[in-house]
Amino acid sequence: MLTGAYVARPSPLHHLPAGGKLAALAVACTGLLMVRTPAGVGVATAAVAGLYVVGRIRPAEAWAQVRPLRWFVAAILTVQLLITDVPAAISLTARIVLAVALAGLVTLTTRTTDLMAAMERALRPLRRLGVDPARVALLMSLAIRSVPVVAGIARRVRDAQRARGQERSIRAFAVPLVVGVLRHADTLGEALQARGMDD
Amino acid sequence: MTEPDHSAAARLRRRLSAADMARVAMFAALIAVLGLPGSFSLFGNAVPITLQTLGVLLAGAILGAWRGPLAVIVLLALVAAGLPLLAGGRGGLGVFAGPSVGYLIGWVVGAFVVGWIIERGGRRPGLHWVLSACLLGSALILLIGVPIQALVTGVPLATTAKLSLAFVPGDAIKSVLAAVVVKGVQRAYPEASPAVRRARQAGDSGLPVHGPR
């Protein structure tokens with residue numbers, strides 16, 4: 001089963017409602033934009049680190065959230081040091097890393113299903129525009145279930161390709177894959193229709 | 001059935017049919033799976049190169065101007081909910097706070113534009129038409145992604161643009177690949193063309209009727 005980065009652990013952050021955490025994240029990210037001095041960066045870093053401790057997140061799990069930024073941080077620091085001074089370069093880079101770390105903290109402490117439910121609730125005001133939140137939720141869970149199905153189709157296509165000795169051609173991989181995906185989708189659509197999804 | 005109303009408002013109001021939901025969900029999954037083989041980062045730039053953009057172009061080209069971007073949005077919503085569906089197993093809300101968020105917004109717009117152009121190319125749009133649509137879609141992804149990356153990082157736009165030039169050859173190759181794949185898929189499965197599918201859906205109301213191919 002497909003799982004996110006969520007780590008189940010008893011902590012105050014885990015118990016907060018998903019919607020509240022999302023709202024707090026939005027406010028915190030806006031607040032980070034105001035941080036422009038090295039002292040401010042120090043305070044913000046301490047605050048984020050403190051939140052990670054409150055959430056009982058292990059260092060390795062925290063690192064996994066900001067790890068994708070490592071090359072980027074090296075590049076941006078280099079460029080920034082060439083065009084501005086050291087404090088500006090550091091606070092700019094730190095702001096991005098802190099924003100990503102905070103967002104990662106919400107991901108680490110909130111179940112995927114809770115976040116999806118929060119999104120569903122957030123869509124409710126769009127009802128007037130004809131958006132059906134329950135159908136959006138169904139669409140999202142259909143997509144989650146489709147990932148292993150598509151991965152299975154991809155594996156079969158790759159095996160067939162290997163048997164024909166065409167391993168290197170992306171075209172020979174992608175055309176049967178997409179046709180397989182469409183065939184499965186249209187069968188799935190008929191099955192949903194047969195269960196009364198369009199009534 | 002009368003002439004179907006294709007205005008944006010009418011589309012928004014019309015409920016997504018079960019058949020459309022299945023296609024949108026499967027294509028969201030397809031974009032995710034195309035990111036699985038792994039990605040590599042170009043040194044000095046934070047945004048990895050993957051086959052996922054190919055998936056975005058395919059979603060627009062095959063699902064059309066409204067379902068294509070919807071598939072991208074569904075994928076991004078799952079990523080926001082914490083699932084590691086972006087290339088290299090990236091996922092979670094952090095992705096949307098980082099420097100590559102502009103490219104993700106670009107995906108939605110790119111899929112829309114590719115679909116919009118291809119829907120206007122008739123039942124069997126020619127290779128040149130499809131290729132132009134895909135090239136324009138890829139260009140738009142960069143045109144939206146690069147300024148936002150500059151904005152997030154504070155690196156001047158000119159410098160960011162220069163660093164991003166490294167993407168251009170790869171994106172051009174992916175656009176050509178997308179066009180060739182779209183043509184191949186349309187040959188093998190006529191309903192892969194948005195225009196053919198629309199004509200068929202307007203013509204039948206449930207019972208499968210074999211439309212002109």
Side-chain angles (χ1 to χ4, degrees), chain A residues 2-6 25 29 65-66 68-69 71-72 75-76 79-80 83 92 96 99-104 106-107 110 112 115-116 119 129-132 135 138-140 142-144 146-147 149-151 154 170-171 174-175 177-179 181-186 188-190 192-193 197-198, chain B residues 12-30 32-33 36 41 43-46 51 54 58 62 71 74-75 77-78 80-85 88 90-99 152-156 159 163 177 180-181 184-185 188-189 191-192 206:
Chain A
L2 197 57
T3 50
Y6 173 74
L25 175 64
C29 283
Q65 289 300 310
V66 291
L69 289 174
W71 294 116
F72 159 77
I76 192 184
V79 176
Q80 286 288 346
I83 56 173
L92 234 141
I96 302 160
V100 171
L102 272 180
V106 176
T107 301
T110 319
T112 301
L115 279 170
M116 281 169 63
M119 286 182 205
L129 292 171
V131 177
D132 180 353
R135 237 169 146 79
L138 176 67
L139 185 56
M140 285 174 69
L142 262 182
I144 294 180
S146 300
V147 172
V149 176
V150 176
I170 298 186
R171 186 183 179 273
V175 173
L177 172 65
V178 176
V179 171
V181 163
L182 276 171
R183 282 225 172 91
H184 185 93
D186 291 347
L188 179 65
E190 277 166 29
L192 287 172
Q193 226 165 10
M197 281 303 305
D198 278 347
Chain B
L12 203 62
R13 253 171 262 279
R14 191 170 54 209
R15 213 168 52 162
L16 203 60
S17 75
D20 287 338
M21 288 213 321
R23 277 188 162 208
V24 168
M26 283 293 282
F27 267 75
L30 175 66
V33 168
L36 283 184
S41 291
F43 188 75
N45 213 324
L51 275 182
L54 177 70
L58 290 175
I62 291 170
V74 168
L75 174 76
L78 293 180
L83 297 178
L85 296 179
R90 289 179 310 143
L93 288 163
V95 174
F96 298 92
V152 173
T153 59
V155 172
T159 315
L163 285 172
L177 199 62
V180 171
V181 170
V185 171
Y189 201 78
E191 274 211 47

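Here is how names work: the chains are called A, B, and so on, in the same order as the sequence lines, proteins then strands, and each is numbered from 1. None of the values given here were measured: they were computed from a predicted structure. What you see below is based on every heavy atom in this structure, not just the backbone, and it leaves out hydrogens, waters and symmetry mates.
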Results of side chain to side chain contact (heavy atoms under 4.5 Å, CB included) for A103(A) - residues two or more places apart only: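 With sequence neighbours excluded, A103(A) shows a side chain to side chain contact (heavy atoms under 4.5 Å, CB included) to L25(A), L93(B), A97(B), given in chain and number order.
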
Let's test your reading of the structure: which of [options] forms the most heavy-atom pairs below 4.5 Å with chain A?
| options | value |
| --- | --- |
| L78(B), V155(B), L177(B) | L78(B) |
| V95(B), L75(B), V74(B) | V74(B) |
| G94(B), A188(B), G82(B), A71(B) | G94(B) |
| P84(B), A19(B), A81(B) | A81(B) |

Residue that, paired with L16(B), satisfies side-chain contact (heavy atoms from CB on, under 4.5 Å) out of D132(A), L138(A), L139(A): L139(A)

Below 4.5 Å from any heavy atom of chain A, which atoms of [X] appear? Answer side chain, backbone, both or neither.
| X | answer |
| --- | --- |
| A28(B) | side chain |
| I62(B) | side chain |
| L30(B) | both |
| T153(B) | both |

Q80(A) (side chain) donor-acceptor with G154(B) (main chain) under 3.5 angstrom: yes

Quick one: [atom1] on [X] to [atom2] on [Y], what's the gap to the nearest 0.5 Å?
| X | Y | atom1 | atom2 | value |
| --- | --- | --- | --- | --- |
| D186(A) | R23(B) | CG | CZ | 4.5 Å |
| L58(B) | L182(A) | CG | CG | 9.5 Å |
| Q193(A) | M21(B) | CD | CE | 11.0 Å |

Contacts of type side chain to side chain donor-acceptor pair (under 3.5 Å), residue T107(A), not counting sequence neighbours: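 Once residues adjacent in sequence are excluded, T107(A) has no partner under the side chain to side chain donor-acceptor pair (under 3.5 Å) criterion.
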
Derivation of the side-chain contact (heavy atoms from CB on, under 4.5 Å) call for F27(B) and V150(A): CA-CA 9 Å; F27(B) 267 75; V150(A) 176; over 6 Å; no

Which pair of heavy atoms, one from [X] and one from [Y], lies closest together, and at what distance?
| X | Y | result |
| --- | --- | --- |
| A25(B) | A143(A) | CB-N, 3.6 Å |
| R171(A) | G184(B) | NH2-CA, 4.0 Å |
| L115(A) | A80(B) | CD1-O, 3.9 Å |

Largest heavy-atom contact set with chain B, pairs under 4.5 Å, which of V181(A), V79(A), L192(A):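 When all of V181(A), V79(A), L192(A) are compared, V181(A) has the most.
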
